[in-house]
Amino acid sequence: MQKSRPYFLDLTAIRLPIGGWVSILHRLTGAGLSLAVPILVYVWMLSLRSEADHATVRAWLDSGFGSLLKLAVLWGLLHHLFAGLRHLLLDLGWGKEKTCARKTAWTAMGAGVAAAVLLGVVL
Amino acid sequence: MRRVGGAHRGLDMWLLQRAGALVMAGYLPLFAVYAWVAGAADYAAWRALFSPLPAKVGTLLFIAALLGHAWIGMREIFIDYVHCARCLIVRLALLFGLAVGYLGCLVWAADILWSLA
């Protein structure tokens, strides 16, 4: 194997196509969600443990900072879900043609944002 | 000799991760509809959602699928980015630590679910 492979990581010069953005955001949201698991389990535990803890969580989720974090987690989860479904379809050989792939990439991106805003209002 | 690090068990991991993804993609809409129909407006209703045995079992399976999916994903990220001459041991330590932490989360989730009436 070649020992030193070409290396280019100038983030200001790299121009990703939309599929690249969906993909790297899929990885970033996945990593973020993975690291957030213990925190999410903790919040879930509080919401179920007692009436008082449930009220605390509710109030915190409705506060300014809390609702921002709530939106971030929701968007991360939903972007990961939609981008993941798109990747599953690509794995099955569906939608690989360039214009189609770009359309589904924009769709996954938009669906994540839209669903996060909708659910953020409901929850 | 069997190689312990790197992407040498890629295909089974790849398949398992997608199986976990499908479990979650099935559970989440189902649970959303269930919560929507049953209602979860206050503490009592929210607790009652997780009380029936099928809800407990389904939720624990979802969490198990999530933890496995997340572990395989983090493994992929470590394989991609944790690279240096002596990084195998670092990567193995990260994977081991994460696995222990996630197993803890699974037991914790079971305790949360089964402490409900």
Side-chain angles (χ1 to χ4, degrees), chain A residues 1 3-5 7 9 23-24 26-59 61-62 73-74 76-78 80-92 108 111 115-116 118-119 122-123, chain B residues 14-15 17-22 24-29 32 35-36 40-51 56 59-60 62-63 66-78 80-81 83 85 94 98 101-117:
Chain A
M1 203 173 83
K3 278 284 177 216
S4 65
R5 288 178 291 181
Y7 182 78
L9 198 62
S23 180
I24 194 65
H26 183 248
R27 171 160 282 202
L28 285 172
T29 51
L33 290 166
S34 297
L35 298 177
V37 162
I39 302 166
L40 295 174
V41 174
Y42 179 68
V43 173
W44 179 55
M45 176 190 76
L46 286 183
S47 78
L48 286 167
R49 194 165 64 180
S50 72
E51 186 113 47
D53 286 335
H54 184 268
T56 309
V57 170
R58 184 72 269 170
L61 285 179
D62 293 337
V73 170
L74 277 175
L77 182 68
L78 289 159
H80 197 81
L81 172 67
F82 291 126
L85 288 174
R86 175 173 176 271
H87 288 159
L88 276 179
L89 292 176
L90 287 171
D91 285 346
L92 294 173
L118 275 176
L119 273 177
V122 177
L123 297 179
Chain B
W14 181 88
L15 266 177
Q17 192 181 37
R18 272 134 193 90
L22 288 177
M24 289 187 284
Y27 172 92
L28 283 176
W36 184 267
D42 58 6
Y43 174 64
W46 175 241
R47 245 181 104 93
L49 276 189
F50 297 99
S51 292
K56 283 187 169 61
T59 302
L60 194 62
F62 164 77
I63 292 171
L66 187 152
L67 293 170
H69 182 91
W71 187 84
I72 296 171
M74 291 304 282
R75 172 182 179 271
E76 219 162 291
I77 289 178
F78 294 152
D80 279 354
Y81 304 128
H83 270 289
L94 284 170
L98 196 65
Y102 277 179
L103 276 174
C105 285
L106 186 65
V107 177
W108 186 14
D111 177 67
I112 293 170
L113 284 166
W114 267 270
S115 65
L116 297 173

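Reckoned from all heavy atoms, side chains included, excluding hydrogens, waters and symmetry mates. Letters A, B, ... are given to chains in the order of the sequence lines, protein chains preceding strands, and every chain is numbered from 1.
Only the backbone of B:Asp42 comes within contact range of chain A, with at least one heavy atom under 4.5 Å from a heavy atom of that chain. A:Leu48 touches chain B through backbone and side chain together, each having a heavy atom under 4.5 Å away. Using a 4.5 Å cut-off between heavy atoms, B:Leu66 contacts chain A through its side chain alone, with no backbone atom that close. Contacts of A:His87 with chain B are absent, with no heavy-atom separation under 4.5 Å from either backbone or side chain. A:Asp53 does not touch chain B: none of its heavy atoms, backbone or side chain, sits under 4.5 Å away. At a 4.5 Å heavy-atom cutoff, the contact between B:Trp46 and chain A is made by backbone and side-chain atoms alike. Proximity to chain B is limited to the backbone of A:Arg49, based on heavy atoms less than 4.5 angstrom apart.
The shortest heavy-atom contact between B:Met74 and A:Ala31 is SD-CA, 4.0 Å. Closest of all the heavy-atom pairs between A:Leu74 and A:Leu123 is CD2-CD1, 4.2 Å. Closest of all the heavy-atom pairs between B:Pro29 and B:Gly26 is CD-O, 3.5 Å. Closest approach of A:Leu78 and A:Ala115 over heavy atoms only: CD1-C, 3.6 Å.
With chain B as the partner, the residue from A:Gly30, A:Ser47, A:Pro38 showing the most heavy-atom pairs under 4.5 Å is A:Ser47. Put simply, of A:Leu33, A:Asp91, A:Val122, the one with the most heavy-atom pairs under 4.5 Å next to chain B is A:Asp91. Of the residues considered (B:Asp80, B:Ile63, B:Leu22), B:Asp80 shows the highest number of contacts with chain A, using heavy-atom pairs under 4.5 Å.
Using cut-offs of 30° and 60° for the angle between ring planes, the B:Tyr27 and B:Phe62 rings count as parallel. In this structure, B:Phe50 and A:Trp44 have perpendicular ring planes: the angle between them is above 60°, well past the 30° mark.
Between B:Leu113 atom CG and A:Met45 atom CE the span is 12.5 Å, to the nearest 0.5 Å.
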